[in-house]
2 protein chains.
Amino acid sequence: MPTPPGRKPRKAAPSRRPLTQDGIVAAAVRVLDAEGLDGVTMRRVAQELDTGPASLYAHVSGKDELNELMLDRVAAEVRLPEPDPERWQEQVKEVAREVRRVWQAHADIARVSLAMVPTGANLLRIAEFQLAVMSAGGVPPAAAALAVDSLGMYVDAESVERAMYGTKLGEGASPEEQLHTFISGIRDYYKALPQDRFPHIVAMVDELTAGGGDERFEFGLDILVRGIASHARP
Amino acid sequence: MPTPPGRKPRKAAPSRRPLTQDGIVAAAVRVLDAEGLDGVTMRRVAQELDTGPASLYAHVSGKDELNELMLDRVAAEVRLPEPDPERWQEQVKEVAREVRRVWQAHADIARVSLAMVPTGANLLRIAEFQLAVMSAGGVPPAAAALAVDSLGMYVDAESVERAMYGTKLGEGASPEEQLHTFISGIRDYYKALPQDRFPHIVAMVDELTAGGGDERFEFGLDILVRGIASHARP
DNA sequence: ACCTGAACACCGTTCAAGT
DNA sequence: ACCTGAACACCGTTCAAGT
């Protein structure tokens, strides 16, 4: 049956729901996941919400704030363990691994983290945990404070580097295949270097290009935590 | 006296010398130093050389290559000590400090280093030194290889963060003053956090915001080198 | 108060045309 | 071979005008 004349549609079904900051940030994260951080432009996010870029400025002060909001939204995915002072070294590592996992699940969001002082609630939650568990483990306050900094920087930097391998190569093959062709390119280049000027690099090509990113990450993490532990009282 | 007719000017004084890759990179570094990495655009570099952006593409494949060439040119400024295996831990630190010094002398060039596998001769020279001195100091190859990575990442990340404080604030006051107002802003924010949710952050505000960048950097560096040393044979 | 279209002042890169 | 002007397909942000 056709609708009788003079009858308005029941609710006008507003397919374009009103803009909210939360909706904007959610859309931005969708674009991030699909197209990487460089794909997250004000225009692209607006398009995702069927509007123009100027409309976003009523809910977000600009690109920088949007970046920070995206990061904190993503940081909510980080799961923290039950604090156990006996295992503080292992727990510090666990959290670092978990943050890395979440950063890597969202393209190159780590770039934002690296360029920011943490202020969002979800980021602070992580810092609070690390400070708490290190303090309980006997790391003095000054050392613990600087240690969260160093740990955060390390996780961020490693994630940025790793994300880059994925993007620099074409979007063709599988991520692992991409990483492999990338690494073997580097290996060939290092092997072809003049041996008299770079004897150690040439001799250590295999070690320099060894390990998936996981082993490399674990090694740096282990180094950091050993160093932090050397500041703890027994 | 006027110049007689039919006489060409002595040498035509080519005020716009022909473009070379070296000249382009030098101009790019000048822009970098004066206006930061974001100021280095193909257009701006071309302008510096009295030409248009399209002219650069005959000597440089694009923006990425220009960035890498800039970094390697700047890396030439890094001075390496005479290798002394007895003092390998101190020398590894010295080089890290020196790289940090040079990166910070050139705005936020560290961002390029972080997003790159080192291939330029001057960058490789630094890596070669670190590998050599650690090997001589008794660090096994696998550990030394991963250690250069971690050290590089740490220096780069610290320099990126530090460069950011300078840029985010206005260009008004002195760098130290900028850093100070920036840090005290952070301190106020942390102090105002709800104490029940973030007890350690609130309690450790002073430690978290303490120290000029130098002490913080030294601490992270010390942690890393202690960790590396724990892998060395005695 | 929120949303919008149009504009401003930029980007990196390409390409046909010149020398 | 090198250089150029003009154009293409983008940016972030502002602002007057609408509802």
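Letters A, B, ... mirror the listed sequences (proteins, then strands); counts begin at 1.
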Which heavy atom in Gln130(A) sits nearest to a heavy atom in Ala96(A), and how many Å separate them?
NE2-N, 4.3 Å

Which pair of heavy atoms, one from Leu80(A) and one from Ile126(A), lies closest together, and at what distance?
CD1-CA, 4.4 Å

Sort out the partner of dG18(D) for me: Watson-Crick or G-U wobble, both distances under 3.5 Å, none otherwise.
dC2(C)

Going by purine N1 to pyrimidine N3 plus the second Watson-Crick contact, or the G-U wobble pair, all under 3.5 Å, which nucleotide sits opposite dG12(C)?
dC8(D)

Salt bridge present between Asp72(A) and Arg125(A) (N-O < 4.0 angstrom)
no

Could you work out which one of [options] sits closest to the side chain of [X]?
| X | options | result |
| --- | --- | --- |
| Thr41(A) | dC3(C), dG12(D), dG12(C) | dG12(D) |
| His59(B) | dG12(C), dG5(D), dC3(D) | dC3(D) |
| Ser55(B) | dC15(D), dT4(D), dG12(D) | dT4(D) |
| Leu19(A) | dG12(C), dG12(D), dC3(C) | dC3(C) |
| Ala54(B) | dT14(C), dT13(D), dT4(C) | dT14(C) |
| Thr51(B) | dT4(D), dA7(C), dA7(D) | dT4(D) |

Would you mind reading off the distance between [X] atom [atom1] and [N] atom [atom2], rounded to a whole angstrom?
| X | N | atom1 | atom2 | answer |
| --- | --- | --- | --- | --- |
| Asp64(A) | dG12(D) | CG | P | 11 Å |
| Leu66(A) | dC11(D) | CG | P | 14 Å |
| Asn67(B) | dG12(C) | CG | C1' | 12 Å |
| Gln21(B) | dC2(D) | CD | P | 12 Å |
| Tyr57(A) | dC3(C) | OH | P | 15 Å |
| Ile24(B) | dC3(D) | CD1 | C1' | 11 Å |
| Asp38(A) | dG12(D) | CG | P | 10 Å |
| Leu56(A) | dC2(C) | CG | C1' | 12 Å |

Side chains of Gln104(A) and Glu158(A), heavy atoms from C-beta outward: is any pair under 4.5 Å?
yes

Can you tell me how far OG of Ser150(A) sits from CZ of Phe217(B), rounded to the nearest 0.5 angstrom?
10.0 Å

5′-ward residue of the pair Arg43(A)/Ala58(A) relative to DNA chain C:
Ala58(A)

Using the P atom in both, what is the distance from dA9(C) to dA9(D), to the nearest Å?
22 Å

